[in-house]
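Presented below is the structure to which this report refers.
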Amino acid sequence: MGFEKNILCIGAGYVGGPTMAMIARKCPQYKVTVVDIDKEKIKAWNSSNLPIFEPGLDEIVKKSRGKNLYFSTEIEKGIEESQIIFVSVNTPTKTFGQGAGRAADLQYWEKTAREILAYSGSSKVVVEKSTLPVRTASAMERILNENSKGMRFEIVSNPEFLAEGTAIKDLENPDRVLIGSRETPEGIKARKEVVEIYLNWVPKEKIIESNVWSSELSKLTANAFLAQRISSINSISALCEKTEADIDEVAFAIGMDSRIGPKYLKSSVGFGGSCFKKDILNLVYICESYGLDKTARYWESVVDINDWQQNRFVQNMLSNMFNTVAGKKIAIFGFAFKANTGDTRESPAIRVAQGLLDEHAEVVITDPKALENAKKDLKQFKQGVTFEANPYKAAKGAHAVAVLTEWDVYRALDYRRIFKSMVQPAFLFDGRNILDHKKLFETGFNVFAIGKAPLKHFRY
Ligand SMILES: NC(=O)c1ccc[n+]([C@@H]2O[C@H](COP(=O)([O-])OP(=O)(O)OC[C@H]3O[C@@H](n4cnc5c(N)ncnc54)[C@H](O)[C@@H]3O)[C@@H](O)[C@H]2O)c1
């Protein structure tokens, strides 16, 4: 069967895989190919054991794979054959040179642009799917359009707003789809080609068009605002712990104000994920480079509060467990940065586990989906850490349990059974405020939650 259009996506990660699976599912008239340099990842995308866990993903991949959705390592062929190329390669924080620890590392993006140029035989639309610093499109235009073959590349910005754990739901029914381009006739034409793809399932009024710089900057700003809400509520959680105010009650009360709204007000051990910290630091770096120091400091404080909240959690464990955890077994319930994903990038659990291991605790990690990633994250610790899929076994003989991911499975455990199997006095630190603290206290636990007065069976 002939296809109306060939769409390519370079980068088969958490964004490229699910977004292209959704496009293929909703647009059977297009051939969608996802390519990556990582052979193992492509092999996994072509198997029954996909490289990422995301609810609903298996099903949509299975329905389209081999029909109009293909995963491949043949980057050259993919580029040659396509009319529209999405690029969703990683854009991590730079670890070297100027801007190290803050600026986005654009080497993967630039390499991809040069590959597109090398293997293209005709003009194409190149879509920025990765999150990029504002004005990246301008650099890409320069690289791509300085060619002697007479080809013209239009750069369109189409940032991805999906959240891991709910990616399929978000892609199927997005709050909005943002598509930005140059406001020239060629730019608008390219933008419309991308709009046309989404119109296959997204209502017209949810597709926003803008200039390319607004689109690039909106993605960074959206992540900065989301993270800022978490840091704001977390900063207040510390005050709650000192004053017997309860952070969940405060969040509920302020969230009823329609100007504030109830979402993203859940206090916790801190935000994680590959994006928030990196995107805010990228924003900070851009502001600094334009001499906007006040703006830079304002957003930087969102990351500072998040680091502080994670450190505070470890400090709180230590001080409540009689100022020493050396030789004590501590079970960490959840290592993923949030529920319903196996992704552990920037997970607060990494810092908490490291903090406890530095204090010579015996840490046991349990998680329904993230144990393999957890092993990689903690590989520098040759001793003191073990991994256990069963939470009951993880907690057996432990002095404390720390809940660090809001997996539903942890709400449903038999905590009486867990309590009985632990060393007494048994401690429970709820870093996600998901458990019934009063009930746990009545069971016998000493309970420490975020932004709440501790429930202790002894005074000291
Ligand atoms: N993960 C999220 O929730 C999320 C959400 C929205 C936006 N984003 C943004 O999307 C982008 C991708 O994020 P991700 O989480 O999917 O990253 P990822 O690391 O999971 O995937 C990126 C993929 O690109 C591949 N790659 C790198 N260079 C390549 C090249 N030259 N040719 C072919 N493949 C190459 C890598 O092998 C990797 O598989 C980032 O800019 C990120 O900020 C991520």
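Treat the numbers as computed from the prediction; the structure is a model and nothing was measured. Basis for what follows: all heavy atoms, side chains included, without hydrogens, waters or symmetry-related copies. In each ligand, atom 1 is the first atom listed, and ligand 1 is the first ligand listed.
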Return a yes/no value for S88: is any of its N or O atoms, backbone included, closer than 3.5 angstrom to an N or O of ligand 1? no
Polar-atom distance check: T131 versus ligand 1, any N or O pair below 3.5 Å? yes
So for atom NZ, which belongs to K294, do other residues, nucleotides or ligands contribute more than 12 heavy atoms lying within a distance under 6.0 Å? no
On the ring face of F53, is K369 found with NZ or CZ under 6.0 Å from the centre and within 45° of the axis? yes
What protein heavy atom lies closest to atom 34 (N) of ligand 1? Include the residue and the distance to one decimal. I37 N, 3.5 Å
Report the part of I10 in contact with ligand 1, treating N, CA, C, O as backbone and CB onward as side chain, heavy atoms under 4.0 Å; options are side chain, backbone, both, neither. side chain
Atoms in ligand 1 with a heavy atom of L162 nearer than 4.0 Å: 3 (O), 5 (C)
For the 3.5 Å polar cut-off, considering only N or O atoms, please tell me whether D36 and ligand 1 meet it. yes
At under 4.0 Å between heavy atoms, what of R345 touches ligand 1? The answer is side chain
Got a second to check how far I10's CD1 is from Y108's OH, nearest 0.5 Å? 15.5 Å
Answer yes or no: is there a side-chain heavy-atom contact under 4.5 Å between K206 and N173? yes
Between D279 and ligand 1, does any nitrogen or oxygen pair lie at a separation below 3.5 Å? no
Candidates V87, T91, D38, V89; heavy atom nearest atom 11 (C) of ligand 1 found on V89
For ligand 1, which is the ligand I care about here, please tell me if E164 has any N or O atom under 3.5 Å from one of the ligand's N or O atoms. yes
Parallel, tilted or perpendicular: which one describes the rings of F448 and F429, with boundaries at 30° and 60°? parallel
Ligand 1 to G16 polar contact by distance, N or O atoms, under 3.5 Å: no
With K277 as the cation and F271 as the aromatic partner, state whether NZ or CZ is under 6.0 Å from the six-membered ring centre and within 45° of the axis. no
Between F161 and R176, is there a cation-pi geometry (under 6.0 Å to ring centre, at most 45° from the normal)? yes
Look at atom CZ of F252 and say whether more than 12 heavy atoms of other residues, nucleotides or ligands are closer to it than 6.0 Å. no
